[in-house]
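Shown next, in structure tokens, is the structure this report addresses.
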Amino acid sequence: MAKPKTDRKGEVVTRVASATEPSDRVSGTTAADRDRPSLGALSASGVASMSTTDVGAHKAKTRSTRMQRLAGVLAVIAILLIVRDLVAPEMSLSIPSVPSGLTPYLLPLGLILLLTAVMVVPMLAAGKSPHILYRPEELTMTFDDVRGSDGLVEEITKTLNLFLAYRTFNEEMGGTPRKAILFEGPPGTGKTYMAKAMASEAGVPFLFVSSSAFQSMFYGQTNRKIRAYFKELRRQARREGGAIGFIEELDAIGGKRGSGSSHGDGVPGVVNELLIQLQSFEQTPWTTRMHSKVAKTVNAWLPSKLQLRTPTHTPANILVIGATNRADDLDSALVRPGRFDRNIYFGLPGRAGRRDIFDYYLDKKAHEPEIDDPARRDTLAAMTAGYSPVMIEHLLDEALVWALRRGAHQLSWQDIQHAKMTEEIGLAQPVEYTEAERRTIATHEAGHATVAWLVGKSRTLEVLTIVKRRDALGLLSHSDTEERFTMTQTEVRAIIDIAFGGMVAEEIFFGESSTGVASDLQAATLNACQMVGILGMGSSLISVAAIESAGGGVVGKVLADEARRSEVEALLTSSKESVGQMLEEYRHVVEALRDALLLRSELIGEEILDVIRQAQVHPGSLSLDPLDGRRVTVGGPSASSSTPRISPVPHITQPPAGPPAS
């Protein structure tokens with residue numbers, strides 16, 4: 001409903017009904033409904049059309065004003081030319097020339113001007129806004145290119161519609177549009193990409209700037225650059241109806257005050273400037289100031305009834321977006337209402353989001369038909385838990401590199417596996433093992449794989465290798481088939497059992513263990529301490545995390561208490577004994593995996609399961625027939641239920657890769 005107008009005395013001015021109002025009432029429409037086409041944009045599911053928003057109306061009005069001014073200038077020039085032809089047709093414009101008496105002084109004068117420019121220009125440039133301006137037509141990405149974040153796209157679309165229909169939202173509904181929003185999240189989650197999509201969808205200028213670009217070696221120039229940036233942002237907004245500013249790594253200049261420098265261009269001074277620019281009195285355009293000055297001068301000579309109208313200041317329609325990985329480090333005044341008052345968190349995509357991202361990128365990259373199998377796509381999403389959108393794109397790019405290495409022009413499933421292993425574990429570094437050491441490492445990793453097959457519930461064995469990568473002489477990589485965010489006590493205990501698999505296998509086959517069990521014992525001890533000291537899976541429900549300080553860790557807290565230390569010892573001993581019983585019973589599986597590693601050096605995915613199945617059917621024999629490439633869910637005799645992965649437990653990780661280099 002339109003608000004009633006008031007005169008200078010505050011009295012309500014009623015509007016005289018027009019002759020068309022009765023027909024409007026009969027048809028069910030009102031003049032207010034016709035005058036606010038942008039209200040529909042506020043509740044639209046997608047981005048509102050430019051023609052129905054206040055930004056579009058401002059653009060049309062600005063374009064019309066610009067054409068009128070151009071026509072006025074051309075009309076004045078045409079009149080002057082006509083007058084010249086009528087009054088003095090022989091008159092012509094002469095080319096200016098330098099008097100002969102000043103010729104000897106031209107060179108010294110030029111040198112003086114050059115030296116002055118060398119000294120003054122750097123000072124002037126030091127306070128220039130360091131932004132990069134992108135026009136809407138220069139940005140090709142849209143919200144359709146933002147995948148795996150449907151909820152974020154919906155929220156940002158609403159924010160964008162408020163930005164586009166800012167005047168209607170304020171005048172018709174009495175709301176205050178958002179002036180600044182904060183994008184928070186881990187690196188590579190699409191904060192910058194989303195901001196570019198916003199600018200492209202909104203059809204307004206996009207001013208990108210990095211926080212480090214504001215820094216200057218000259219005193220006071222950092223604040224001056226910030227002022228220049230916001231001045232240019234508002235200038236573009238007045239010209240185009242709106243403008244979006246994006247500040248990358250906002251925490252670099254918006255950190256908390258009180259912990260660093262307290263004067264000059266330090267953190268307090270920069271933050272103060274940001275606070276002023278985000279919500280304070282902004283300078284009016286020079287045209288408005290000149291108009292107001294002329295009106296005041298003329299009004300001084302006119303009676304009150306004939307005085308000219310003084311122009312009012314209208315704030316520029318700007319939307320500032322700040323991106324950071326550390327929102328907790330920002331000054332509290334920056335994130336209060338009226339400044340960066342809307343925090344939008346960009347998290348890592350879930351399984352469905354990763355599947356959507358894989359579909360998007362695989363449509364653009366050459367791949368073999370087997371990758372189009374929906375089951376393969378689902379497996380890709382499952383095996384990349386914790387990947388950001390950028391990491392997924394990089395994984396496929398690395399897979400293309402592996403395809404080129406084998407002389408192919410399309411990536412295959414094996415290329416993705418190799419790329420994933422290289423990114424997570426490192427490049428293969430083949431070394432010459434002695435025969436005894438090679439056999440020990442193979443037995444060690446076979447023990448890990450056998451225990452994981454036995455105690456893992458719906459786990460997938462991904463890689464089993466004795467090829468050296470980084471500090472690991474061998475490793476077992478395994479994960480859960482489904483994605484979860486909690487782990488049961490049985491599942492955490494299974495992680496400890498898997499860590500003991502290598503050590504116990506060495507003791508069974510060689511009578512003693514090697515130095516390669518160090519990292520396994522470290523992981524098992526850490527998990528056991530967390531079970532007893534944090535997760536309440538021991539005899540005590542007291543959590544040492546509640547009293548943990550910055551200088552101490554959970555392991556030290558638990559082991560310092562004799563009762564807890566004894567409990568951890570009992571837990572580890574019990575786990576080792578149970579693993580010993582399992583490996584004695586499935587000794588033939590360990591031998592089959594060991595022999596396969598000695599022959600092939602590396603088993604990937606279902607190759608591990610094929611060896612285990614053959615060992616179960618034909619104990620003591622090993623077939624080297626080609627593998628069919630089927631994906632099989634891991635589950636041994638003790639795996640009776642389907643239990644997915646992802647643990648919120650701090651540092652509860654999969655067992656270490658294998659024996660480290662000694």
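Reckoned from all heavy atoms, side chains included, excluding hydrogens, waters and symmetry mates.
- With sequence neighbours excluded, the residues satisfying ring-ring contact (aromatic ring centres under 6.0 Å, His included) with Phe214 are Tyr229.
- In the model, Thr490 has no side-chain atom that pairs as donor or acceptor with a side-chain atom of Thr488 under 3.5 Å.
- Looking at heavy atoms from C-beta onward, Tyr345 lies in side-chain contact with Pro186 at the 4.5 angstrom threshold.
- When atom types are taken as modelled, the side chain of Ser566 and the backbone of Glu562 share a donor-acceptor pair closer than 3.5 angstrom.
- Put simply, CD on Gln417 and CG on Leu395 are 9.5 Å apart, with the number rounded to the nearest 0.5 Å.
- In terms of heavy-atom proximity, Ala442 sits nearest to Leu597 at O-CD1, 3.8 Å.
- Counting only distance, with no hydrogens or angles, the side chain of Arg147 and the backbone of Asp144 share a donor-acceptor pair below 3.5 Å.
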Taking it one step at a time, do Arg594 and Glu445 satisfy salt bridge (charged side-chain N to carboxylate O under 4.0 Å, His left out)? CA-CA 8 Å; Arg594 176 199 63 195; Glu445 301 306 331; over 6 Å; no

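- A distance-only check finds no donor-acceptor pair linking the side chain of Tyr586 to the backbone of Gln616 [under 3.5 Å].
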Determine whether Thr384 and Arg354 satisfy the following criterion, side chain to side chain contact (heavy atoms under 4.5 Å, CB included), listing intermediate values before the conclusion. CA-CA 8 Å; Thr384 52; Arg354 294 193 300 273; 3.5 Å; yes

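- The stretch residues 381-400 participates, sequence neighbours left out, in these salt bridge (charged side-chain N to carboxylate O under 4.0 Å, His left out) pairs: Lys365-Asp397.
- Contact annotation: the side chain of Val463 never approaches that of Leu476 to less than 4.5 Å [non-hydrogen atoms, C-beta and beyond].
- Applying the salt bridge (charged side-chain N to carboxylate O under 4.0 Å, His left out) test to every pair with at least one member in residues 414-423, sequence neighbours left out, gives these pairs: Arg406-Asp415, Lys420-Glu424, Lys420-Glu462.
- Other residues, nucleotides and ligands contribute over 12 non-hydrogen atoms within 6.0 Å of the CD atom of Glu155.
- Taking the ring centre of Phe509 as origin, the terminal cationic atom of Arg587 falls inside the region bounded by 6.0 Å and 45° from the ring axis.
- With sequence neighbours excluded, no residue forms a salt bridge (Lys or Arg N to Asp or Glu O under 4.0 Å) with Glu249.
- Without hydrogens or angle criteria, Thr189 side chain to Gly185 main chain gives no donor-acceptor distance under 3.5 Å.
- Phe346 pairs by the ring-ring contact (aromatic ring centres under 6.0 Å, His included) definition with Phe183, not counting sequence neighbours.
- Scanning for ring-ring contact (aromatic ring centres under 6.0 Å, His included) contacts around Tyr387 gives an empty result, with sequence neighbours left out.
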Using side chain to side chain contact (heavy atoms under 4.5 Å, CB included), reason through Met194 and Val153 one step at a time and then give a plain yes or no. CA-CA 8 Å; Met194 181 69 80; Val153 172; 3.9 Å; yes

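- Residues Glu602 and Thr465 have side chains that bring a donor and an acceptor to within less than 3.5 angstrom of each other.
- Every pair passing salt bridge (charged side-chain N to carboxylate O under 4.0 Å, His left out) that includes a residue from residues 573-583 is listed here, sequence neighbours excluded: Glu507-Lys576.
- Under the 4.5 Å side-chain criterion, counting only non-hydrogen atoms from C-beta, Ile247 is not in contact with Ile321.
- Between Leu521 and Phe500 the shortest side-chain heavy-atom distance falls below 4.5 Å.
- Among all heavy-atom pairs drawn from Met537 and Met487, the shortest one is CE-O, 4.4 Å.
- In this structure, Ile371 and Gln410 have side chains that are not in contact, with every pair of non-hydrogen atoms separated by 4.5 Å or more.
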Determine, step by step, whether Leu572 and Glu567 satisfy the side chain to side chain contact (heavy atoms under 4.5 Å, CB included) criterion, reporting the C-alpha distance in whole Å, the side-chain angles of both residues, the deciding distance to 0.1 Å, and the verdict. CA-CA 9 Å; Leu572 295 177; Glu567 197 169 351; over 6 Å; no

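- The CD1 atom of Ile508 lies 4.5 Å from the CG atom of Leu583; values are rounded to the nearest 0.5 Å.
- Side chains of Ile357 and Pro349 form a contact here, defined as non-hydrogen atoms less than 4.5 Å apart.
- Looking at Asp145, its side chain does come within 3.5 Å of a backbone N or O of Thr142 through a donor-acceptor pair.
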Begin with the C-alpha distance, continue with both residues' side-chain angles, and end with the deciding distance and a verdict on side chain to side chain contact (heavy atoms under 4.5 Å, CB included) for Met582 and Val504. CA-CA 10 Å; Met582 283 187 290; Val504 176; over 6 Å; no

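- Judged purely by atom type and a 3.5 angstrom limit, Ser211 uses its side chain to pair as donor or acceptor with the backbone of Glu248.
- Judged as a ring-ring contact (aromatic ring centres under 6.0 Å, His included), and not counting sequence neighbours, the contacts of His418 are Trp402.
- For the atom pair OG1 of Thr460 and CE of Met383, the computed distance is 9.5 Å after rounding to the nearest 0.5 Å.
- In this structure a side-chain-to-backbone donor-acceptor pair under 3.5 Å is present from Arg564 to Val532.
- Residues Arg493 and Ser574 have side chains that bring a donor and an acceptor to within less than 3.5 angstrom of each other.
- Inspection of the Thr324 and Glu184 side chains reveals no N or O donor paired with an N or O acceptor under 3.5 Å.
- Residues satisfying the salt bridge (Lys or Arg N to Asp or Glu O under 4.0 Å) criterion with Asp359, sequence neighbours excluded, are Arg355, Arg377.
- Closest non-hydrogen pair, Gly386 versus Leu348, comes out as O-CD1, 3.6 Å.
- By the 30° and 60° cut-offs, the orientation of the rings of Phe208 relative to Phe246 is parallel.
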Intermediate values then yes/no, side-chain hydrogen bond (donor to acceptor under 3.5 Å, both in side chains), Ser514 and Glu506: CA-CA 8 Å; Ser514 67; Glu506 291 184 24; 2.9 Å; yes

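- Between Leu473 and Tyr433, the closest side-chain pair of non-hydrogen atoms falls below 4.5 Å.
- When the salt bridge (Lys or Arg N to Asp or Glu O under 4.0 Å) test is applied to Glu585, no partner is found at least two apart in sequence or on another chain.
- Residues satisfying the salt bridge (Lys or Arg N to Asp or Glu O under 4.0 Å) criterion with Arg326, sequence neighbours excluded, are Asp251, Asp329.
- Proximity of a side-chain donor or acceptor of Arg438 to a complementary backbone N or O of Leu598 within less than 3.5 Å is detected.
- The CG atom of Asp356 sits 14.5 Å away from atom CZ of Arg351, with the distance rounded to the nearest 0.5 Å.
- In this structure Thr440 satisfies the side chain to side chain donor-acceptor pair (under 3.5 Å) test with no other residue, sequence neighbours excluded.
- With hydrogens and angles ignored, the 3.5 Å screen pairs no side-chain donor or acceptor of Lys468 with any backbone N or O of Gly474.
- When side chains are defined from C-beta on, Leu362 counts as touching His367, because their heavy atoms get closer than 4.5 Å.
- A donor-acceptor contact shorter than 3.5 Å links the side chain of His448 to the backbone of Ile498.
- Residue Ile612 is tested with Thr450, Leu461, Val617 for a side-chain contact (heavy atoms from CB on, under 4.5 Å); the sole match is Leu461.
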